[in-house]
There are 2 protein chains.
Amino acid sequence: MPKILIDMNFSFAEENYIKTIYHLSQAGEVGVSTNAIADQLHTKPASVTDMIRKLANKEVVDYQKYQGVNISEQGKKVALEVIRKHRLWEVFLVEKLKFNWDEVHEIAEQLEHIRSSILTERLDEFLGYPKADPHGDPIPDKEGKFETGPTVALSEMSVDDIGLFVMVANDDPHLLQYLDKMKIKLGMKLKVIDKVVFDGSMQISFSNETPVFLSHQITQHLMIRKVA
Amino acid sequence: MPKILIDMNFSFAEENYIKTIYHLSQAGEVGVSTNAIADQLHTKPASVTDMIRKLANKEVVDYQKYQGVNISEQGKKVALEVIRKHRLWEVFLVEKLKFNWDEVHEIAEQLEHIRSSILTERLDEFLGYPKADPHGDPIPDKEGKFETGPTVALSEMSVDDIGLFVMVANDDPHLLQYLDKMKIKLGMKLKVIDKVVFDGSMQISFSNETPVFLSHQITQHLMIRKVA
DNA sequence: TAAGTAATTTAGATAAATCTAAAAATATTT
DNA sequence: AAATATTTTTAGATTTATCTAAATTACTTA
Ligand SMILES: [Mn+2]
Ligand SMILES: [Mn+2]
Ligand SMILES: [Mn+2]
Ligand SMILES: [Mn+2]
């Protein structure tokens, strides 16, 4: 007998775990590891094991000792709802309250837990049903659906490749501030001018400007939609 | 040695207690009683005693066993900050997201705990520095200052008295919906036509329309600014 | 003023979320 | 395949916020 999801309520802590497990699932392997979750949430593996047990009981994850966790269909719904709220609030903060894109993640981490489906829908409407947040991350719709065209990390591209900078896959304000300083913005066209084998650093020309040098630590987080 | 307030952080539960104690202080007697707090917060007196102890240690209330609590200057600051956020968010929900005034209190109860002073200031600016929330409650400024002209409950007025309906001193959606149904809105002029001694019910003419009957349970929550 | 009643506090539990230290299981490396 | 290292789980505590039941204090009233 599956539990009724409709009025299932999750604590902030539970929501954060569910979201993190969802993200780690997306980003790769089956069987998300206890340590990976602990790292992400800045908690200890022992705490993660406890919480995973609880989430498994609530059937938002599948879990077998020592085998890692996998998000369930129910869990995916919960995660996408939280992610939807996070990204909508980020849009609100940037578009309406004039925050810079490096200032919004922390605040959205709080706002994503506000419980009111009407609020989420009204906010979405108020913002004009945005498709992406200020960092280019897609915003799931009410049903949890969203589309992402295929992207590659800039670090994976080759010399002479051309593309569109569409997303930053990292929330660190230092990275975002650095991109600001370099005048690199979402939506810019770019071309790979040079790539250093030894350290993976790259020379990139954005919008036909003088090329800039970017280290591998940076380029791995810049997501590019290839063109031609 | 007084504790540094600047980076004092309070839990949601603590903030709710502080806010409630502040409100009860305003609404009357010195020495807010354990039971009054328990009623307001839908908890048990034993829980209140525990929490009061904690708040006394943090010096946001003054407390002596069996003597009730009084909010301290520090506590007042914390309370006013939370109240400011609550009311600003209510304005946002009504003005920007088109909520009705009876739908916003619950959601504001959550939003008032979001921690970000920049957010509060930006929101205030976005809303045009409103002086009152959708129920007519005054919004404290950044320094916690606000002004209320003198008001009386409608129930305290006499036949032939005239005034301006400026505030509803109750969040219950049923009351607010009833006022909607009766087409009674903030800012309306009114005149007391009749007052029944037995039950305190009143006949009131709003904006020179056909008088309406209102029970004491209603009139005690309608705050009036007297004119002439 | 002495009972009786009401309000408040204490004592002892519980649930949630976290931790440290130790044990157990799994993975990796000689 | 052992030995070693890493990961994960268990055991046992801690903190916060809550509760019930019992004890204590204060207030009312006869
Ligand atoms: Mn974010
Ligand atoms: Mn984002
Ligand atoms: Mn309210
Ligand atoms: Mn209000």
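Just so we're on the same page: letters track the sequence lines, and every chain starts at 1.
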Nearest to the side chain of [X] - [options]?
{"X": "A:Asn35", "options": "C:dT10, D:dT7, C:dT20", "answer": "D:dT7"}
{"X": "A:Ser47", "options": "C:dT9, C:dC19, D:dT9", "answer": "C:dC19"}
{"X": "B:Gln67", "options": "C:dT10, C:dT18, D:dA26", "answer": "D:dA26"}
{"X": "B:Ser33", "options": "C:dT8, D:dC19, C:dT26", "answer": "C:dT8"}
{"X": "B:Arg53", "options": "D:dA26, C:dT10, D:dT8", "answer": "C:dT10"}
{"X": "A:Ala13", "options": "C:dT18, C:dT26, D:dT18", "answer": "C:dT18"}
{"X": "A:Tyr17", "options": "C:dT10, C:dC19, C:dT18", "answer": "C:dT18"}

Please say which of B:Lys19, B:Arg53, B:Lys58 ends up in a salt bridge (charged side-chain N to carboxylate O under 4.0 Å, His left out) with B:Glu14.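 Going through B:Lys19, B:Arg53, B:Lys58 one by one, the salt bridge (charged side-chain N to carboxylate O under 4.0 Å, His left out) with B:Glu14 is satisfied by B:Lys58 alone.
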Between A:Tyr63 and D:dT8, is there a side-chain N or O to OP1/OP2 distance below 4.0 Å? no
Between A:Ser11 and A:Lys65, who's closer to the 5' end of DNA chain C by nearest nucleotide? A:Ser11
Between A:Pro45 and A:Tyr66, which has a closest nucleotide on DNA chain C that is more 5'?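 First, find each residue's nearest nucleotide; the 5'-ward one identifies A:Pro45.
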Would you call A:Tyr178 and A:Leu214 a side-chain contact if the rule is heavy atoms closer than 4.5 Å? yes
